[in-house]
Amino acid sequence: MRAFCYLLLISLFISLSNASIVEETCKNISCSHPNIAYDFCINSFESYNDSLLVPDQRTLAVIATHLANTTAVKTVVRIQELMQEEKNQPRRNRLDTCMEEYSNAINELTTAAQALNVCRDSDAQTFLSAALDAASNCEDAFAEAEDPSPLEEEDGEYGELAAIALAIVAALRR
Ligand SMILES: *[C@@H]1O[C@H](CO)[C@@H](O)[C@H](O)[C@H]1NC(C)=O
Ligand SMILES: *[C@@H]1O[C@H](CO)[C@@H](O)[C@H](O)[C@H]1NC(C)=O
Ligand SMILES: *[C@@H]1O[C@H](CO)[C@@H](O)[C@H](O)[C@H]1NC(C)=O
């Protein structure tokens, strides 16, 4: 019984200290990036694995990269839907720009995740920075034409997730 209690305590301690990697990381990121809310950060990781049990920062960086990728894939599907209804050619061109940005981002995020898995953190950072730009480049395509973006929500969510992944990788390199 006593041994069982010790085991319980130890596993509780381990789960608390693991959970705090996510919490501490989200706290650090929300302090240094005022546009990334702490709750958004925590909820994003929880959506991936509600245990919040993450063994280390590198795994957390890979998870954040996967989360950004999932949103990029969702955004591509949304762009395809919008394309089916859109008749206006200049608007179709802007959607095309976004499609290209997010298709490239999916490749860049995938390369970044592979780089992280073999500890090529500087390469991962380069690919994540390039991938992050998809959101602002897509928004700019609409802003420059003074056309309200139909992808504002997707760009916002993707931008935050990509920024979280990038911030974790930047911290890994320090
Ligand atoms: C959070 O920031 C503090 C202070 O810069 C640093 O010591 C700590 O290692 C960081 N923790 C994580 C999980 O990034
Ligand atoms: C969630 O995390 C736990 C603990 O690390 C792990 O055993 C489980 O496989 C993870 N689930 C998913 C869906 O990744
Ligand atoms: C991103 O999504 C694509 C398409 O589903 C997939 O092939 C790729 O492995 C994913 N990459 C990451 C880092 O999750």
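Both backbone and side-chain heavy atoms feed into the values below; hydrogens, waters and symmetry mates do not.
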Heavy-atom closest pair, residues Ala134 and Ala105: CB-CB, 4.0 Å

Distance check, rounded to the nearest 0.5 Å: Leu95 atom CG versus Ser149 atom OG? 8.5 Å

Compare all side-chain heavy atoms of Met99 with those of Gln80 and state whether any distance is below 4.5 angstrom. yes

I'd like to know if Leu166 and Ile36 are part of one continuous hydrophobic network [Ile/Leu/Val/Met/Phe/Trp/Tyr, side-chain heavy atoms within less than 4.5 Å]. no

Decide whether Glu154 and Thr71 meet the rule of one side-chain donor and one side-chain acceptor closer than 3.5 Å. no

So, does Asn43 use its side chain to make a donor-acceptor pair with the main chain of Asp39 at under 3.5 Å? yes

Arg91 vs Phe142, test: side-chain contact (heavy atoms from CB on, under 4.5 Å). Steps then yes/no. CA-CA 8 Å; Arg91 212 148 199 251; Phe142 285 91; 4.2 Å; yes

Would you give the length of the straight line joining atom OG of Ser44 to atom CD of Glu160, rounded to the nearest 0.5 angstrom? 7.5 Å

Correct closest heavy-atom pair for Ala130 and Glu108 would be C-OE1, 3.5 Å

Taking 4.0 angstrom as the limit, do Glu24 and Lys27 come out as a salt bridge? no

Among residues two or more places apart or on two chains, list those pairs meeting disulfide bond (SG atoms under 2.5 Å apart) that have a residue in residues 126-174. Cys98-Cys138

How far apart are the closest heavy atoms of Ala37 and Ser30, and which atoms are they? C-CB, 4.2 Å

Here the pair of heavy atoms bringing Ala61 nearest to Ala165 is O-CB, 4.5 Å

Evaluate Gln125 against Leu172 for side-chain contact (heavy atoms from CB on, under 4.5 Å), listing each step before the verdict. CA-CA 10 Å; Gln125 195 170 9; Leu172 266 185; over 6 Å; no

If we ignore angles and hydrogens, is there a donor and acceptor under 3.5 Å between the side chains of Thr59 and Asp56? yes

Interatomic spacing from OG1 in Thr75 to CD1 in Ile106 - rounded to 0.5 Å: 8.5 Å

Pairing of Arg92 and Glu86 as salt bridge, 4.0 angstrom limit: no

Do Glu157 and Lys74 meet the salt-bridge criterion of a basic N to acidic O distance under 4.0 Å? yes

Could you check whether Gln89 and Asn93, counting side-chain N and O atoms only, form a donor-acceptor pair closer than 3.5 Å? yes

Do Asp123 and Leu116 come within less than 4.5 Å of each other through their side chains, counting heavy atoms only? no

Membership question, hydrophobic clusters at under 4.5 Å side-chain separation (ILVMFWY): are Val73 and Met83 in the same one? yes

Spacing of CG belonging to Leu67 relative to CG belonging to Leu109, to within rounding of 0.5 Å: 10.5 Å

Do Asn117 and Val62 have side-chain heavy atoms sitting under 4.5 Å apart? yes

If we only count heavy atoms from C-beta on, is the Ile79 to Leu151 side-chain gap below 4.5 Å? yes

Report the C-alpha distance between Leu132 and Phe127 in whole Å, list the side-chain angles of each, state the deciding distance to 0.1 Å, and finish with yes or no for side-chain contact (heavy atoms from CB on, under 4.5 Å). CA-CA 9 Å; Leu132 171 64; Phe127 284 108; over 6 Å; no

Under 30°, 30 to 60°, or over 60°: which ring-plane class applies to His66 and Tyr48, parallel, tilted or perpendicular? parallel

Show the numbers, then the answer: is there a side-chain contact (heavy atoms from CB on, under 4.5 Å) between Ile29 and Ile168? CA-CA 8 Å; Ile29 293 174; Ile168 298 174; 3.7 Å; yes

Within the structure provided, determine whether Leu60 and Pro55 are in side-chain contact (heavy-atom separation under 4.5 Å). no

Sequence neighbours left out, what passes ring-ring contact (aromatic ring centres under 6.0 Å, His included) with Phe45? Give chain and number order. none

Does the side chain of Gln57 come within less than 4.5 Å of Ile21's, by heavy atoms? yes

Euclidean distance, Asp133 CG relative to Leu128 CG, rounded to 0.5 Å: 11.0 Å

Heavy-atom side-chain contact between Glu46 and Val22 under 4.5 Å: no

Indicate whether the side chain of Asp155 and that of Tyr102 have a donor and an acceptor atom separated by less than 3.5 Å. yes

Using a cut-off of 6.0 Å, state whether more than 12 heavy atoms not belonging to Glu153 lie near its atom CD. no

Here the gap from Tyr158 atom OH to Glu139 atom CD, rounded to the nearest 0.5 Å, amounts to 13.5 Å

